[in-house]
Amino acid sequence: MHVLSYLPSGLLSLFFAWYLLPLAYANSYFVISQPAKGNVWANNAVNPISWTKGLLDGVNSLDIELARLSEDGLIFVARDVPATSSTGALNLYIQDIPAGDDYYLLFLNSTHGVMYASSQRFSIADAGNSSATPASPAAGAATVTVSGAPNPTAVFATTFPPSANGVSAPGWKAVEGARSQLVAIGAVMAVCALGGAWTVL
């Protein structure tokens, strides 16, 4: 008799599900590197945004929103920002954004409500404030201009065209980013089937 046959099938399937779980999340890496914690952005200046993400995560474009902890509402920065490579950047020219030390960026798919990442908390200072030391703009990155306080009836300041964001005809490309998740789910199902019991995790 095989040594694994002495283990209860529920325990065995739980072990394999836990062991294979990293495969399901191997491509969901997404980090916003700029703005970093404690950065101070300046009004009437270009402020860089940069990020690093997984290559096979299925995220070809994203939406960026500027939010504040102490205020309701969002400032819609850019829609359908190209995100086909592992690193990305965008320059943001801000003007007349209320000063505060509780801002953060949201990277998401606003159509489906899927959040990819949020930045660390940072500040926005009034124009001419000596505490604001904007970093150098990201070379070769597009520049988006936003102004004013959150407005619930406003639209995104910029929408990138579909040809720029890697959109293609539907087909196997949609499944390509989910390959590791499908492998992990298939392996867990096979283990459960061989064990003779289905276990809900």
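Only a predicted model underlies this, so the values are computations on that prediction, with no experimental measurement involved. Heads up: numbering here begins at 1 and tracks the sequence. Below, each value reflects all heavy atoms present in this structure, side chains not excepted, and no hydrogens, waters or symmetry copies.
- Between Ile64 and Phe156, the shortest heavy-atom contact is O-CE2, 3.7 Å.
- If you chain together hydrophobic residues whose side chains sit under 4.5 Å apart, Val114 and Val81 fall into the same group.
- Summarising the geometry of Ala78 relative to Leu90, their closest heavy-atom pair is CB-CD2, 4.2 Å, with the distance given to 0.1 Å.
- Of all non-hydrogen atoms in Gly148 and Ile75, the two that sit nearest each other are O-CD1, 3.4 Å.
- Within the model, atoms CD1 of Ile49 and CD1 of Ile32 stand 8.5 Å from one another, a figure rounded to the nearest 0.5 Å.
- Taking all atoms of both residues into account, the shortest heavy-atom contact from Ala89 to Ala141 is O-CB, 3.6 Å.
- With hydrogens and angles ignored, the 3.5 Å screen pairs no side-chain donor or acceptor of Thr52 with any backbone N or O of Val31.
- In plain terms, the two heavy atoms of Ala117 and Phe30 that are nearest each other are CB-CD2, 3.6 Å.
- Between Asn39 and Asn47 the shortest side-chain heavy-atom distance does not fall below 4.5 Å.
- For the pair Val146/Tyr93, no side-chain contact is recorded, criterion being any heavy-atom separation below 4.5 Å from C-beta on.
- Within the model, atoms OG1 of Thr145 and CG of Leu92 stand 8.0 Å from one another, a figure rounded to the nearest 0.5 Å.
- A distance-only check finds a donor-acceptor pair linking the side chain of Lys53 to the backbone of Val59 [under 3.5 Å].
- Pro35 is listed as a side-chain neighbour of Trp41, based on a closest heavy-atom distance under 4.5 Å.
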Quiz: residues 96-111 side-chain donor-acceptor pairs under 3.5 angstrom, not counting sequence neighbours:
{"residue": "Asp102", "atom": "OD1", "partner": "Arg68", "partner atom": "NE", "Å": "2.7"}
{"residue": "Asp102", "atom": "OD2", "partner": "Ser70", "partner atom": "N", "Å": "2.9"}
{"residue": "Asp102", "atom": "OD2", "partner": "Ser70", "partner atom": "OG", "Å": "2.6"}
{"residue": "Tyr103", "atom": "OH", "partner": "Pro98", "partner atom": "O", "Å": "2.5"}
{"residue": "Asn109", "atom": "OD1", "partner": "Thr111", "partner atom": "N", "Å": "3.0"}
{"residue": "Asn109", "atom": "OD1", "partner": "His112", "partner atom": "N", "Å": "3.1"}
{"residue": "Ser110", "atom": "OG", "partner": "Asp63", "partner atom": "OD2", "Å": "2.6"}
{"residue": "Ser110", "atom": "OG", "partner": "Arg79", "partner atom": "NH1", "Å": "2.8"}
{"residue": "Thr111", "atom": "OG1", "partner": "Arg79", "partner atom": "NH2", "Å": "2.8"}

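- A side-chain donor-acceptor contact under 3.5 Å links Asn91 to the backbone of Ala138.
- Scanning all heavy atoms of the two residues, the minimum distance from Phe122 to Ala36 falls at CB-O, 4.0 Å.
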